[in-house]
Student: 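The structure under discussion is supplied below as structure tokens; questions concerning it will follow.
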Amino acid sequence: MEKFFITTPIYYANDNPHIGHAYTTVKADILARWARSRGKKVFFSTGMDEHGAKIQKKAGEEGKDPQKFVDEISAVFQNLWKDLDISYDGFIRTSDETHKNAVRSALNNLYEKGAIYKGKYEGLYCSGCEQFLVKSQLSDGKCPDHQKEPEIVTEENYLLKMSEFGEELEKKIKSDELKITPRTRKNEILSFLEKHKLEDISISRPKEKVSWGIPLPFDENHTVYVWLDAFLNYLTVLGWDGGGGVPDFFPPDLQLMGKDILRVHATIWPALLAHLGLPLPKELYVHGHILSGGRKMSKTLGNAIPPSELLGEYGADALRYYLARKISSFEDGDMTREGFKNVYNADLANGLGNLTARIMKMSEQYFEGEKIEIKNEELPEDYRKFMDNSEVNRAADVVWDLIAELDSHIQKTEPFKVVKEDREKAKEILKYLVSGLSRVAVMLAPFLPETAGKITEAIEGNKMPESLFSRKE
Ligand code: ME8
């Protein structure tokens with residue numbers, strides 16, 4: 001059986017989740033469900049990034065012990081994923097003992113091999129990103145995502161050898177052996193690699209500056225750099241213990257992420273894997289940012305819409321739908337509460353909801369308990385192609401085109417009039433409509449699992465479904 005390993009980033013446990021996190025996770029869930037429906041053996045991973053300066057600071061501000069703090073935030077994320085019907089197979093927390101042990105053992109191996117060495121490091125550090133930045137990334141001297149000046153850090157640290165990988169990495173990205181989607185992001189990374197030779201990076205912080213993290217196994221006065229700790233989640237989530245051997249499902253087939261974290265995923269992550277003697281991911285799939293008021297929606301900036309608010313009012317499938325269809329796969333896009341409500345009314349309540357009710361009401365009346373034969377047609381080719389290319393919004397467009405087509409078929413053929421003269425003819429029209437609706441349900445299943453289930457059930461029992469969309473104001 002073909003295997004498919006799909007990942008989301010592990011999210012910082014510094015604050016509650018927002019729509020941006022829900023976006024990546026819902027998209028990954030849709031693709032995982034799609035892969036399962038194509039008969040693949042899927043491992044879908046997500047989780048929490050729980051160490052580092054940013055979290056240590058936030059826990060301190062709230063007067064909480066960091067472990068207790070991250071326990072609480074992780075529970076909120078996990079509850080959200082449950083409410084959003086996220087079908088993950090593995091949920092990793094970097095404060096899990098098994099993860100910490102594996103990281104320590106991997107670092108020991110790297111140190112023994114000479115991939116890690118002690119040295120001096122100087123760089124511009126943005127604690128919002130938990131990343132060293134290069135000057136060309138700044139705008140007006142500030143980190144463009146966090147709107148603050150990075151601090152100049154000069155420290156005696158441990159470094160990971162990176163420089164030797166630059167050329168090979170460039171080749172692998174160019175040839176799509178390590179595919180970066182979309183092409184614009186691939187080119188961005190390639191031009192970054194051309195301009196800046198890969199430099200060895202600092203992979204530890206002195207314990208007195210950052211104590212909330214995994215101590216280096218060979219020097220307990222240093223804490224592992226949070227990104228190194230975080231990258232290894234993609235292995236530890238599969239039960240990897242930090243030693244030799246490639247865990248089942250590895251390497252990832254598809255790694256979803258926002259554009260904010262592509263550069264580290266396209267440089268540090270592959271270098272780390274090369275040192276560990278492990279294969280590189282097949283594809284990094286990069287989406288744009290959801291904006292709010294023209295700026296990246298972010299916990300740090302405080303302009304986020306909490307998913308729980310929309311979930312409570314509109315339900316999981318409505319939020320899944322909005323994220324899957326109305327957010328472009330690659331571009332940035334603004335999201336507002338008003339826009340969400342309009343889409344909900346037009347596409348779901350009055351669109352899919354009404355269509356289903358109309359068709360099933362007629363079907364229930366005309367067939368009166370008879371079983372309707374449904375033709376199981378192949379899914380439309382363009383739908384399959386878009387799903388296989390992970391362009392979920394375009395695949396959803398195909399579904400809504402079919403919904404529109406069924407709507408206009410009702411208007412054109414007027415079965416509710418025909419039935420008065422010719423019941424058999426009306427039944428033929430309904431067969432076509434119910435078959436179409438059944439196909440809609442199959443195509444919707446990865447997107448709106450609950451709604452698709454209700455439609456299928458209604459068709460099987462040939463009766464009106466309970467209301468598909470009911471908003472709780
Ligand atoms: O970067 N629009 O965690 P993070 C779209 N822990 N997606 C968004 C978004 C937005 N406004 N905001 C966040 C980290 N995301 C690290 C990752 S992985 C080894 C470590 C999504 O909590 C998007 O996927 O800041 C983005 O890349 C990720 O959340 C960043 O989450």
Side-chain angles (χ1 to χ4, degrees), residues 6-29 31 45-55 58 70 73-74 76-77 80-81 86 90-95 99 103 126-131 143-146 185 213 224-237 252 254-270 272-273 281 284-307 322-324 326-336 390 393:
I6 176 168
T7 70
T8 75
I10 50 169
Y11 305 112
Y12 284 129
N14 66 329
D15 209 339
N16 288 331
H18 66 72
I19 293 288
H21 303 111
Y23 175 61
T24 316
T25 311
V26 162
K27 189 161 170 172
D29 184 64
L31 295 171
S45 79
T46 186
M48 302 303 297
D49 194 351
E50 302 188 330
H51 291 136
K54 182 148 97 172
I55 291 166
K58 191 73 193 287
V70 296
I73 303 267
S74 292
V76 177
F77 271 83
L80 172 65
W81 301 152
I86 303 298
F91 188 92
I92 185 85
R93 297 181 53 191
T94 54
S95 68
H99 172 86
V103 170
C126 169
S127 61
C129 304
E130 294 274 25
Q131 282 181 46
C143 163
D145 280 345
H146 297 97
R185 299 277 169 229
V224 176
Y225 174 43
V226 59
W227 271 97
L228 211 73
D229 175 1
F231 281 131
L232 294 175
N233 95 83
Y234 299 131
L235 286 150
T236 56
V237 75
L254 196 61
Q255 301 210 268
L256 298 190
M257 68 197 71
K259 62 182 182 181
D260 50 338
I261 58 175
L262 169 62
R263 187 164 62 88
V264 279
H265 274 84
T267 52
I268 306 176
W269 173 222
L272 189 58
L273 287 170
L284 307 180
Y285 194 96
V286 190
H287 61 73
H289 285 152
I290 301 179
L291 310 178
S292 165
R295 301 263 298 276
K296 181 191 173 202
M297 198 185 277
S298 126
K299 293 180 287 197
T300 319
L301 292 176
N303 59 352
I305 301 179
Y322 186 92
L323 296 175
K326 295 294 162 180
I327 305 287
S328 142
S329 286
F330 305 122
E331 307 299 323
D332 288 353
D334 223 273
M335 173 170 178
T336 60
S390 318
N393 57 332

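Each ligand, and each atom within it, is numbered from 1 in the order the structure gives.
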Student: Can an N or O of I290 be found at a distance shorter than 3.5 Å from an N or O of ligand 1?
Tutor: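 N/O-N/O distance under 3.5 Å: yes.
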Student: Does the plane of the ring in F231 sit parallel, tilted or perpendicular to the ring in Y234? Use 30° and 60° as the thresholds.
Tutor: tilted
Student: Below 4.0 angstrom from a heavy atom of T24, which ligand 1 atoms are there? Numbered from 1 as shown, please.
Tutor: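 Going through ligand 1 atom by atom, the ones under 4.0 Å from T24 are 21 (C), 23 (C), 24 (O).
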Student: Measuring from atom 20 (C) of ligand 1, which candidate in I55, V226, I10, L232 has the nearest non-hydrogen atom?
Tutor: I10
Student: Going through the distances and angles, do F330 and Y285 end up as a ring-ring contact (aromatic ring centres under 6.0 Å, His included)?
Tutor: CA-CA 9 Å; F330 305 122; Y285 194 96; 5.4 Å; yes
Student: May I ask you to decide if C143's main-chain N or O and H146's side chain share a donor-acceptor pair within less than 3.5 Å?
Tutor: no
Student: Under a 4.0 angstrom heavy-atom cut-off, which atoms of ligand 1 come close to A230?
Tutor: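 In order of number, 19 (C).
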Student: Do the charged groups of K54 and E130 touch, with an N to O distance under 4.0 Å?
Tutor: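 E130 and K54: not salt-bridged.
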Student: Return yes when S292 approaches ligand 1 closer than 4.0 angstrom through a heavy atom, no otherwise.
Tutor: no
Student: Looking only at heavy atoms, is any part of H18 under 4.0 Å from ligand 1, and if so is it the side chain, the backbone, or both, or is it neither?
Tutor: side chain
Student: Looking only at N/O atoms, are H265 and ligand 1 under 3.5 Å apart anywhere?
Tutor: no
Student: What distance separates T25 OG1 from L80 CG, expressed to the nearest 0.5 Å?
Tutor: 8.0 Å
Student: At a 4.0 Å threshold, what atoms of ligand 1 neighbour a non-hydrogen atom of G288?
Tutor: 5 (C)
Student: Is any NZ, NE, NH1 or NH2 atom of the basic residue among D332 and K259 found under 4.0 Å from an Asp or Glu carboxylate oxygen of the other?
Tutor: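 Result for this pair is yes, salt bridge flagged.
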Student: For ligand 1, indicate whether the residue L256 contacts it via side chain, backbone, both or neither (heavy-atom separation under 4.0 Å).
Tutor: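 L256 to ligand 1: no contact under 4.0 Å from either part.
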Student: Answer yes or no: does an N/O atom from G258 fall short of 3.5 Å to an N/O atom of ligand 1?
Tutor: yes
Student: Say whether Y23, considering both its backbone and side-chain N or O atoms, lies within less than 3.5 Å of an N or O atom on ligand 1.
Tutor: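 So ligand 1 has no N or O lying under 3.5 Å from an N or O of Y23.
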Student: Kindly say whether L291 contributes a backbone atom to a donor-acceptor pair with the side chain of H289 at under 3.5 angstrom?
Tutor: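 No; judged by distance alone, with no hydrogens or angles, the pair does not exist.
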Student: Going by the closest heavy atom to atom 3 (O) of ligand 1, which one wins out of W227, Y234, Y12?
Tutor: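 Shortest heavy-atom distance from atom 3 (O) of ligand 1: Y12.
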Student: Do ligand 1 and D49 have nitrogen or oxygen atoms that lie under 3.5 Å from each other?
Tutor: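 Indeed, backbone or side chain, D49 has an N or O that close.
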Student: Looking at D49, I55, V70, I73, which one forms a side-chain contact (heavy atoms from CB on, under 4.5 Å) with N14?
Tutor: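 So the option named by the test is I55.
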Student: Tell me whether K259 reaches ligand 1 (any heavy atom closer than 4.0 angstrom to a ligand atom).
Tutor: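 Contact check K259 vs ligand 1: negative.
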Student: Does H99 form a side chain to side chain donor-acceptor pair (under 3.5 Å) with D229? I'd like the steps, not just the answer.
Tutor: CA-CA 9 Å; H99 172 86; D229 175 1; 2.7 Å; yes
